[in-house]
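In this text the structure is predicted, and so the values were computed from the model without any measurement.
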Amino acid sequence: MQKIFTLLIVFVISTVVNAQEDLQEKAIKNTVETFFEGLHKGDSTIVSSTLHPTITIQTTFTNKEGKNVLVTESKNKLLTSIANKKPEHTYLEKLLSWDIKIDGNLASVWTPYEFYLNNNFSHCGANSFQLFNNNGKWEIIYLVDMRRRGDCEANKQ
């Protein structure tokens, strides 16, 4: 009887822990999806709602000379460029997969993507988001993306 009770307790605890992790993953994914909803709509207010005030934003790519480049952008510059999106332009960042890791109030999200401008393939790469659980609200504290035009699945179709 003692063994059955112990197994039952272990089962209940593991079920509760798994349910909590699933809820956290959903909340994290919702934050990233909301970020892209704002990007696609050109709505800087929506994007801003997902960002921590002290976010770091970077992009990396290989330039025409073959040198690796890392560019840091301010939160204000990102939000201004989104707000200034021309209405006739359509953005679609198609996320190809999700890899979410969580440890307490820190989360990491890796999302390979393809980017389309006006329904035409532009580039591909990967996004790396770091999120902080700010007392119940997941906020993006760091965003870096890799951009390339070659060696993309969209080019091979």
Side-chain angles (χ1 to χ4, degrees), residues 17-18 20-157:
V17 168
N18 285 337
Q20 288 175 338
E21 286 177 4
D22 287 347
L23 286 174
Q24 292 297 330
E25 277 194 24
K26 285 180 184 175
I28 291 161
K29 192 172 182 181
N30 183 59
T31 299
V32 173
E33 287 174 334
T34 300
F35 173 89
F36 284 111
E37 173 191 347
L39 175 72
H40 297 156
K41 290 180 175 178
D43 189 327
S44 61
T45 303
I46 292 174
V47 172
S48 184
S49 75
T50 67
L51 307 179
H52 188 272
T54 63
I55 186 172
T56 299
I57 303 163
Q58 296 182 306
T59 297
T60 181
F61 58 92
T62 303
N63 67 16
K64 293 177 183 177
E65 292 78 39
K67 299 213 186 271
N68 294 336
V69 178
L70 180 65
V71 176
T72 301
E73 186 174 287
S74 72
K75 177 182 176 182
N76 285 341
K77 184 176 178 191
L78 172 70
L79 295 174
T80 299
S81 67
I82 291 169
N84 291 332
K85 175 185 167 289
K86 294 180 181 177
E88 65 271 16
H89 286 172
T90 59
Y91 297 166
L92 173 62
E93 188 147 340
K94 180 180 171 186
L95 303 182
L96 304 176
S97 66
W98 293 77
D99 185 15
I100 301 173
K101 306 285 186 202
I102 307 167
D103 188 0
N105 62 2
L106 176 67
S108 174
V109 180
W110 182 265
T111 58
Y113 71 88
E114 295 172 346
F115 187 83
Y116 296 82
L117 175 61
N118 299 329
N119 299 317
N120 295 311
F121 175 77
S122 172
H123 60 275
C124 68
N127 300 304
S128 176
F129 294 90
Q130 302 300 308
L131 292 93
F132 165 67
N133 187 331
N134 194 357
N135 298 299
K137 181 183 179 206
W138 286 98
E139 297 175 331
I140 302 167
I141 59 173
Y142 180 68
L143 168 59
V144 61
D145 70 289
M146 167 59 195
R147 298 178 189 176
R148 68 179 179 278
R149 292 189 187 274
D151 194 29
C152 300
E153 287 300 314
N155 291 341
K156 298 175 185 173
Q157 296 175 2

Trainee: Drop me the distance from Ile82's CD1 to His40's NE2, to the nearest 0.5 angstrom.
Mentor: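 These two atoms lie 10.0 Å from each other.
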Trainee: Does atom CG (Asp103) have a neighbourhood of more than 12 heavy atoms from anything else shown, all under 6.0 Å?
Mentor: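 Counting other residues, nucleotides and ligands, CG of Asp103 stays at 12 neighbours or fewer.
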Trainee: Would you indicate whether the side-chain heavy atoms of Leu51 and Leu79 approach each other to under 4.5 Å?
Mentor: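 Result yes, sub-4.5 Å side-chain heavy-atom pair found.
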Trainee: I want to check something: taking the side chain as every heavy atom from C-beta on, are Tyr142 and Gln58 in contact at a cut-off of under 4.5 Å?
Mentor: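 Of all side-chain heavy-atom pairs linking Gln58 with Tyr142, at least one is under 4.5 Å.
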Trainee: If I compare all heavy atoms of Lys75 with all of Pro53, which pair ends up nearest, and what's the gap?
Mentor: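 Lys75 and Pro53 have their closest heavy atoms at NZ-CA, 3.7 Å.
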Trainee: Do Thr59 and Arg147 touch side chain to side chain, with heavy atoms closer than 4.5 Å?
Mentor: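 Of all side-chain heavy-atom pairs linking Arg147 with Thr59, at least one is under 4.5 Å.
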Trainee: Quick one: does Leu96's side chain get under 4.5 Å of Glu114's, heavy atoms only?
Mentor: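 In contact.
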Trainee: Testing the basics here: between Gln24 and Trp138, what is the closest heavy-atom pair and its distance to 0.1 Å?
Mentor: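 Gln24 and Trp138 have their closest heavy atoms at OE1-NE1, 2.7 Å.
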Trainee: Within this structure, what is the CH2-CG distance for the pair Trp110 and Asp99, rounded to the nearest 0.5 Å?
Mentor: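 One finds 9.5 Å between CH2 of Trp110 and CG of Asp99.
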Trainee: With side-chain contact (heavy atoms from CB on, under 4.5 Å) as the test, would you mind laying out the steps for Phe121 and Lys94 before giving the verdict?
Mentor: CA-CA 10 Å; Phe121 175 77; Lys94 180 180 171 186; over 6 Å; no
Trainee: So Leu95 and Asn127, do their side chains get closer than 4.5 Å, heavy atoms only?
Mentor: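 Counting from C-beta outward, Asn127 and Leu95 do come under 4.5 Å.
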Trainee: Are Thr31 and Glu139 side-chain neighbours, meaning at least one heavy-atom pair lies under 4.5 Å?
Mentor: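 Thr31 does not reach Glu139 side chain to side chain.
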Trainee: Distance check, rounded to the nearest 0.5 Å: Lys29 atom NZ versus Thr111 atom OG1?
Mentor: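 With rounding to 0.5 Å, NZ (Lys29) is 10.5 Å from OG1 (Thr111).
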Trainee: I need the Lys26 NZ to Glu33 CD distance, nearest 0.5 Å.
Mentor: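 Here the rounded value is 11.5 Å.
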Trainee: Hey, what's the ring geometry for Tyr113 with His123, parallel, tilted or perpendicular (30° and 60° as the breaks)?
Mentor: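 It falls in the perpendicular class, over 60°.
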Trainee: Evaluate the side-chain proximity of Phe36 to Tyr91: yes if any heavy-atom separation is below 4.5 Å, no if none is.
Mentor: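 The answer is no; the side chains never approach within 4.5 Å.
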Trainee: Assess whether side-chain contact (heavy atoms from CB on, under 4.5 Å) is satisfied between Ile55 and Ile141, documenting all intermediate values.
Mentor: CA-CA 4 Å; Ile55 186 172; Ile141 59 173; 5.6 Å; no
Trainee: Can you tell me how far apart CD1 (Ile28) and CG (Leu131) are? Round to the nearest 0.5 Å.
Mentor: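 If we round to the nearest 0.5 Å, Ile28:CD1 and Leu131:CG are 6.5 Å apart.
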Trainee: Within this structure, what is the CZ-OG1 distance for the pair Phe132 and Thr54, rounded to the nearest 0.5 Å?
Mentor: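 Output value for this atom pair is 9.0 Å.
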Trainee: Is any side-chain heavy atom of Phe35 less than 4.5 Å from a side-chain heavy atom of Glu93?
Mentor: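 Of all side-chain heavy-atom pairs linking Glu93 with Phe35, none is under 4.5 Å.
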Trainee: So which atom in Val69 and which in Thr60 form the shortest heavy-atom distance, rounded to 0.1 Å?
Mentor: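 It is O-OG1, 2.9 Å.
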Trainee: Locate the shortest heavy-atom distance separating Asn118 from Glu88; write the atom from each residue and the value.
Mentor: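 The pair with the smallest heavy-atom distance is OD1-O, 3.5 Å.
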Trainee: Would you call Lys41 and Glu37 a salt bridge, using N to O less than 4.0 angstrom?
Mentor: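 So Lys41 pairs with Glu37 through a salt bridge.
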Trainee: Restricting to non-hydrogen atoms, name the atom on Thr34 and the atom on Ser49 that form the minimum distance, rounded to 0.1 Å.
Mentor: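 Shortest heavy-atom contact: CG2-OG, 4.2 Å.
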Trainee: Given side-chain contact (heavy atoms from CB on, under 4.5 Å), test Ser122 with Arg149 step by step and report yes or no.
Mentor: CA-CA 7 Å; Ser122 172; Arg149 292 189 187 274; 3.9 Å; yes
Trainee: Ignoring hydrogens, what is the shortest heavy-atom contact between Val47 and Gly38? Give both atom names and the distance.
Mentor: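 Minimum heavy-atom contact is CG2-C, 3.6 Å.
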